[in-house]
Amino acid sequence: IGTVETITDLLGLMGQVHWAMGNYESAREYCQQCISLLQEIGYPSQTAQYKRLLARIALSEGDPQTAERYLQEALDIYEVHGLRGWKSVTLGELGYALVSSGDYATAVQLAEVSLRICRIRAASSPYMALWSRNQGVFVDSHRELAYLAICLTLTLVQCRSLNRAVELP
């Protein structure tokens, strides 16, 4: 059929498609199969990526506690393996998940920290884009910064819409 990497790519893609269609149980099953294979072959960055997708599935199902757990697992993977790539985005996503749990102050702090990290990374690089050999795609720092700004904005808007006073750090 193909290499293990091809199979994990297909399983991950199926998870994303089912999530987008609202088939959360199927999406979760595909992601968990993908993660199991990725752990077997030793791909921590991609494992963390699909932990993040499991978190988005949990949020779609209205389960912020499970989302927080998956996001923390992704952050732990990044920390253990010294991976910086999507750590800042994951912090922003964790902030957004915390809003759903009612921890508004921490949510805003995490979103702001993630945005600061991304700005520092973007400013310290003479090149605003990096080639990602693992993914085989072009990763644009501007896109990551825009994504973080969206996470921060959504967090702030949701806090304000709930009439919660939140001070930024």
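Heads up: numbering here begins at 1 and tracks the sequence.
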Walk me through whether Gln16 and Tyr50 qualify under side chain to side chain contact (heavy atoms under 4.5 Å, CB included).
CA-CA 9 Å; Gln16 291 175 36; Tyr50 288 104; 3.7 Å; yes

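- Cluster annotation: Leu53 is not connected to Val17 through the hydrophobic network of ILVMFWY side chains, with a link wherever side-chain heavy atoms come within less than 4.5 Å.
- There is a path of hydrophobic side-chain contacts, each under 4.5 Å, that joins Leu13 to Met21.
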Run the side chain to side chain contact (heavy atoms under 4.5 Å, CB included) test on Arg52 and Leu71 for me, step by step, so that the C-alpha distance in whole Å, both residues' side-chain angles and the decisive distance to 0.1 Å come before the verdict. CA-CA 6 Å; Arg52 290 176 48 237; Leu71 291 167; 4.1 Å; yes

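- Note that the CD atom of Gln33 and the CG atom of Leu10 stand 12.0 Å from one another [nearest 0.5 Å].
- Scored by the side chain to side chain donor-acceptor pair (under 3.5 Å) test, Gln39 finds no partners at all (sequence neighbours excluded).
- Heavy atoms only, all atoms of each residue included: Cys31 and Gly15 are closest at SG-CA, 4.1 Å.
- Residue Glu25 qualifies as open at atom CD: its count of foreign heavy atoms under 6.0 Å is 12 or below.
- Annotation: the span from Leu59 atom CG to Gln65 atom CD amounts to 10.0 Å, rounded to 0.5 Å.
- Taking CD1 of Ile57 as the reference point, atom OH of Tyr70 lies at 8.5 Å (rounded to 0.5 Å).
- Distance check: Ser100 OG to Asp63 CG gives 10.0 Å after rounding to the nearest 0.5 Å.
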Are Tyr78 and Thr90 close enough, and set up right, to give a side chain to side chain contact (heavy atoms under 4.5 Å, CB included), and what steps lead you there? CA-CA 10 Å; Tyr78 292 137; Thr90 307; 3.3 Å; yes

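- Residue Glu79 places its CD atom among 12 or fewer non-hydrogen atoms of other residues, nucleotides or ligands, all under 6.0 Å distant.
- Atom-to-atom distance recorded for Leu94:CG and Leu98:CG is 4.5 Å, nearest 0.5 angstrom.
- For Thr8 and Gln46, the side-chain atoms include no donor-acceptor pair closer than 3.5 Å.
- A search for ring pair (Phe, Tyr, Trp, His ring centres under 6.0 Å) contacts involving Tyr30 returns His18, not counting sequence neighbours.
- When every heavy atom of Ala74 is checked against every heavy atom of Lys51, the shortest pair comes out as CB-CB, 4.0 Å.
- With hydrophobic clusters built from ILVMFWY side chains whose heavy atoms lie under 4.5 angstrom apart, Ile77 does not share a cluster with Ile35.
- Of the inter-residue distances, the one linking Thr47 atom OG1 with Leu83 atom CG reads 10.0 Å to the nearest 0.5 angstrom.
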